[in-house]
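Note that the coordinates shown come from a computational prediction; the quantities given were computed from them, not determined experimentally. Scope of the values below: all heavy atoms of this structure, side chains included, with no hydrogens, waters or symmetry mates.
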Amino acid sequence: MATNQNESKGFYKLSWMQRIGFGSGDLAQNLIFQTVATFLMLYLTTVLKIDGAFVGSLILVVRLIDCFWSPIVGRYIDNHNPKLGKYRTYLLWGGIPLTAAACLLMLPAAASWSMSMKIIYATVSYTLLSMIYSVVNIPYGSIMASMTRDNDEVLKLTSTRMVCANIGQIVVQAGFPIGLALFASTVIDWNQALFMAIGTIPAFIILPCLPLLKSWFGKKGLYYLLLSIGIVGFVILYCIGKFGNVDDMKVVVQCAKIMTGVGLLVGSLMWALVPEVISEAEYRTGNRPAAIVNALAGVAFKAGFSIAGWITPLVMGMGFIGFKFADEESAALPTVPGAWFGVTCIFAIVGFALLMYCFNSCKERIATTPEKPVTYGEMFQEFKANKCLQLMIGIFVVVFLASFISAPVNAYYPKLNSLNEAMQPIYNATQQEAILWFTCVIPAVLLVIVGYLIYKYPLTDERLDEINREIEARNA
């Protein structure tokens, strides 16, 4: 009876089927997002042979557009309440065009078009996909805050969601190069596929143990531990690439890559802060701005991705480095257009099926619509007043910048010491150093900054419990 009374106040207990159903939505979205984050730059530069500087600028501009678009989506969602669910509705009606846009992102015919047509096609298709993705991703993130107020349940939801997200990541990062090789009828580079995907393995060990690890080390202590392991991993990778030979130390390289995955896993754990910030905002204002906070978190997440996507091809393609992405000899992956289209379509269609499973499995029980529509001025005021939100956004930008700045270059690290047919290094000394900086040095420095921002984050679990109980008492 006590449990039922507690649940009636918003502290709902969830079944594993509900948690897995919710997590399947993140798996679905990651099949598309990881394809874009890791492989779109390589597709545009090596298959369509568009200049790297333009590709970097395109990624940046599209994400700047999204900085304005996401709050519009978040405001609309918070101010409306569709019959199929305040947030669930958009998994269905956004999932259909999202799947179509993903399939149209890498059309085989585009490789034979003129350069001006390629540029127009890349700009329109990527912008359209990004805008539709926000229509699905923002309400999806809001679902978690509408299922329960219970901190332990939120942590289990987060860990389940992030396990599913990392399944999507490992499927794409290992499966995409393998799929390309199969479609293109070329030899599969298993060492490359393993290196790109092995960093996600810690997620399947650590995330299911989050409640236990959190009880041992505390929330911040756990973050510090993971970050420290990741930084050490990046240092080892740099030392091997700089002073050793990647081909001769494959086992150590893969172990170090696993360690870096431990550090970058903090990015997955950051999504647990979103319901905390939503509750803190509800405590102060009386409104529960779930979609708005998720929209701002999404902007920060995409800001990290866009900065990484802009800097990497821009700097790598500069004259003093002279990295030629379109050079067939230095290409890290097959460049057969039909292969890229086939793999992308498979991921998109599977993703849609998973979104529909998520739509049918999630149950919204804490969802409010403001008595009057939330204005953009109020959104800005909330950002100014909410220190937790400011720090969360800062953490999101930096940790996902660390994650994505190395993503496209990871395909080149295993080939760092490779030789061409003339027995000469494929990459010169400057290019090798650039690969090392983007793969190791910059992410390590960014993880140090993440640790400092986490240190400044004020919400403890004890204070959060007080806030949630005061909210429920006020509502009663």
Side-chain angles (χ1 to χ4, degrees), residues 27 30-49 52 55 102-103 105-108 111 165-201 203-204 237 241 246-247 250-251 253-254 256-258 260-261 264 305 308-309 312-313 316 323-351 403-418 420 426-427 435 438-439:
L27 170 55
N30 264 275
L31 292 177
I32 295 174
F33 181 80
Q34 290 296 332
T35 297
V36 172
T38 307
F39 297 103
L40 179 63
M41 189 200 82
L42 296 176
Y43 168 76
L44 296 177
T45 54
T46 65
V47 179
L48 298 191
K49 302 188 185 305
V55 172
C103 291
L105 187 65
M106 299 182 184
L107 288 177
N166 279 274
I167 291 173
Q169 184 175 346
I170 198 171
V171 166
V172 172
Q173 293 191 353
F176 207 98
I178 292 172
L180 286 179
L182 291 174
F183 272 96
S185 301
T186 60
V187 177
I188 298 173
D189 188 340
W190 293 104
N191 185 52
Q192 180 195 57
L194 180 62
F195 180 81
M196 295 186 69
I198 200 170
T200 61
I201 287 178
F204 304 107
L237 283 180
V246 174
D247 291 330
K250 291 179 181 178
V251 175
V253 165
Q254 301 295 0
K257 190 64 163 60
I258 290 175
T260 66
L264 294 175
F305 165 60
T312 303
M316 293 287 284
F323 198 91
K324 297 179 174 61
F325 289 101
D327 186 354
E328 294 292 338
E329 182 182 85
S330 63
L333 296 167
T335 57
V336 179
W340 288 78
F341 176 73
V343 178
T344 304
C345 286
I346 289 173
F347 287 157
I349 294 169
V350 172
S403 297
F404 294 121
I405 201 163
S406 63
V409 188
N410 278 336
Y412 295 92
Y413 184 90
K415 300 176 180 290
L416 200 61
N417 306 119
S418 298
N420 58 22
I426 294 178
Y427 312 116
I435 292 171
F438 278 98
T439 307

Enter the distance from [X]:[atom1] to [Y]:[atom2] here, rounded to the nearest 0.5 Å.
X: K257; Y: T439; atom1: NZ; atom2: OG1; answer: 8.5 Å
X: Q173; Y: T35; atom1: CD; atom2: OG1; answer: 9.5 Å
X: L42; Y: L48; atom1: CG; atom2: CG; answer: 12.0 Å
X: L194; Y: K250; atom1: CG; atom2: NZ; answer: 10.0 Å
X: T260; Y: I198; atom1: OG1; atom2: CD1; answer: 9.5 Å
X: F438; Y: I405; atom1: CZ; atom2: CD1; answer: 5.5 Å

Shortest non-hydrogen separation from [X] to [Y] and the atoms involved:
X: T335; Y: W340; result: CA-NE1, 4.0 Å
X: F39; Y: P177; result: CZ-CD, 3.8 Å
X: P414; Y: D247; result: O-OD1, 3.7 Å
X: A102; Y: T344; result: O-CG2, 3.3 Å
X: L180; Y: V343; result: N-CG2, 3.8 Å
X: F341; Y: M106; result: CB-O, 3.1 Å

V172 side chain near F33 side chain, heavy-atom distance below 4.5 Å: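 The answer is no; the side chains never approach within 4.5 Å.
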Is the shortest heavy-atom distance from the side chain of Y43 to the side chain of L105 under 4.5 Å?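 Not in contact.
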Take F204 and N166 through the side-chain contact (heavy atoms from CB on, under 4.5 Å) test and state the conclusion after the steps. CA-CA 8 Å; F204 304 107; N166 279 274; 4.2 Å; yes
